[in-house]
Amino acid sequence: MREMSGNDMENGINASKSGLLVLDVTIAYDHVVLEKFSAWFKEGGVYALMGPSGSGKTTLLRLLAGLETADSGRVCWTENGIEKLCPEAGYMYDIASKQVGFCFQEDRLLENRNAVENIRFAVPEYNQEEIIRLLGELGIDEQECHKPVADFSGGMKRRTAFLRALLYPSDLLLLDEPFKGLDEENRDRVIQLLLKRKDGRTVILTAHEDAEADACGAVIVRVSG
Amino acid sequence: MLRDIIHHKRFKQSMAILFWVAIWQILSMQRILGLFVASPVETLQRLFELCGTGRFYLSVLYTSGRILTGFLLAVCVGTLLAFLTWKYEWLEILTEPVMRLIRTVPVVSFIILALILLSSRYLTQLISFLMSLPIVCMNVKTGISHTDRELVEMAEIFHVSWPRKLRRLYVPQVLPAFTTATSLALSFSWKSGIAAEVIGMPTGSIGERLQQAKVYLNTPDLFAWTLVIVLLSILSDKLWRKLLACVK
């Protein structure tokens with residue numbers, strides 16, 4: 001198990017590698033959620049954000065997805081050491097220029113639609129058979145695939161939301177608590193599929209246990225608010 | 001078996017209708033009141049007589065066509081306006097006084113004004129349209145505003161196309177409010193449209209037939225035509241709901 005250190009960031013940038021740079025980011029609402037947070041996520045790497053509840057993990061993911069703005073600091077994509085998108089503090093970088101696959105903590109599924117329709121809502125180019133096959137790999141059988149997700153258990157919804165994010169063609173895959181409510185068997189299925197289908201993308205997920213991060217081969221990034 | 005029937009909601013509703021028909025019958029049998037209130041039997045007899053004439057169907061078609069035209073126009077314009085006022089605040093501020101005016105000014109004022117400005121041929125459509133527009137616009141806008149923000153954000157993240165968002169996200173969430181609003185607007189269209197016809201008396205309309213019944217104190221005609229309007233209103237509402245259920 002490996003944790004991110006300050007050297008990783010400097011070495012990564014100096015070695016002219018590509019990735020996502022988060023520098024001195026501060027976000028505050030009525031209280032400070034993130035304070036001077038910095039990290040460097042190497043392109044194609046898997047990272048696990050860890051920290052107590054309320055430490056700002058979800059806020060950081062939302063910032064990376066372009067759904068939040070920072071009060072100060074910056075978020076940049078670096079390509080071969082050169083900053084490509086380097087907005088000013090508080091600027092929400094253009095999410096249209098980078099594709100982001102996001103597995104939201106609250107699933108955010110269309111409750112009256114089935115699992116296949118939910119996935120095809122985001123990725124219409126995928127055919128039904130392929131989606132059913134992948135849902136099968138996640139332990140959701142074909143019969144269940146055609147039920148409205150309102151009838152799904154919490155774990156089934158979670159896996160459907162995960163697959164939707166995974167199949168979306170993206171540069172960055174953000175998974176907010178992808179293992180929430182999953183038993184060990186289903187958690188392993190999710191991890192297997194993630195590692196099999198991540199296709200060189202940068203993956204950043206939030207996790208509560210070291211074992212989860214370890215199973216994904218993720219570098220741990222501590223977020224302490 | 002008998003107990004099941006008695007406790008069935010339909011049976012109870014039928015009994016309630018029968019109760020009020022009995023009250024109607026009793027009132028029509030009173031000496032003085034009976035002169036002005038046609039009995040249920042007289043009303044039905046007159047209705048069957050009317051059904052045997054071609055003029056009846058022409059009047060029904062004339063009025064229904066015009067009322068439904070006004071209503072459908074209000075549904076289209078009201079929905080579009082609801083969307084635009086939801087998207088652009090300045091447009092909401094701009095249209096708010098007009099909507100408030102339409103809601104508060106008595107329908108008769110609009111009818112008289114329309115008669116001064118327009119031919120009575122277009123009166124029914126105009127009044128049905130005006131009375132339905134604020135109902136559709138306001139309720140649909142409320143429906144759009146209550147669309148789940150989290151789902152909208154999800155759709156934005158995945159760059160879902162507008163037609164797909166509209167079909168899968170907005171329509172299912174706005175449809176309940178849309179159904180309630182349009183159903184209410186439809187009943188308003190009938191009421192206001194008929195009122196406009198009674199005052200403007202376009203030739204061949206149901207309103208004209210009602211006015212004639214009043215002039216000649218022909219209460220069976222008055223009651224029969226009123227029953228026709230009620231039935232048309234209920235029928236159009238049922239058909240409209242069926243149509244919306246198909247969309248769902």
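All chains are named by letter (A, B, ...) in the order of the sequence lines, taking the proteins before the strands, and each is independently numbered beginning at 1.
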* Greater than 12 external heavy atoms within 6.0 Å of B/R167's CZ -> no

* More than 12 heavy atoms of other residues, nucleotides or ligands under 6.0 Å from CH2 of B/W162: is that the case? -> yes

* Structure fact -> Smallest heavy-atom separation, A/L110 atom then B/L151 atom, equals CD2-CD1, 4.1 Å

* **Beyond-backbone contact of A/F104 with B/E150, side-chain heavy atoms, under 4.5 angstrom** => no

* Whether over 12 other heavy atoms sit under 6.0 Å from B/Y170 OH -> yes

* Contacts with chain B made by residues 137-146 of chain A (heavy-atom distance under 4.5 Å), listed by residue number -> none

* **Over 12 foreign heavy atoms within 6.0 Å of CZ, B/F188** => no

* **For the student: nearest non-hydrogen atoms of A/F121 and B/R168, plus distance** => CE1-CB, 3.5 Å

* Kindly check if the number of other-residue, nucleotide or ligand heavy atoms within 6.0 Å of CZ (B/R121) is above 12? => no

* Asked: Could you name the residues of residues 151-166 of chain A that have a heavy atom within less than 4.5 Å of a heavy atom in chain B?
  -> A/R164, A/A165

* Asked: A/G101, A/A122, A/P169: which one forms the most heavy-atom pairs within less than 4.5 Å of chain B?
  -> A/A122

* By salt bridge (Lys or Arg N to Asp or Glu O under 4.0 Å), which residues pair with B/E92, not counting sequence neighbours? -> B/K141

* Determine the minimum heavy-atom distance between A/L67 and B/E153, stating which atoms define it. => CD2-CG, 3.7 Å

* Asked: How are the rings of A/Y168 and B/F158 set relative to one another: parallel (under 30°), tilted (30 to 60°) or perpendicular (over 60°)?
  -> perpendicular

Which donor-acceptor pairs under 3.5 Å do the side chains of residues 80-89 of chain B make with protein atoms, sequence neighbours left out?
{"from": "B/T85", "atom 1": "OG1", "to": "B/L81", "atom 2": "O", "distance (Å)": "2.7"}
{"from": "B/T85", "atom 1": "OG1", "to": "B/A82", "atom 2": "O", "distance (Å)": "3.1"}

* A/K180 atom NZ: more than 12 heavy-atom contacts under 6.0 Å -> yes

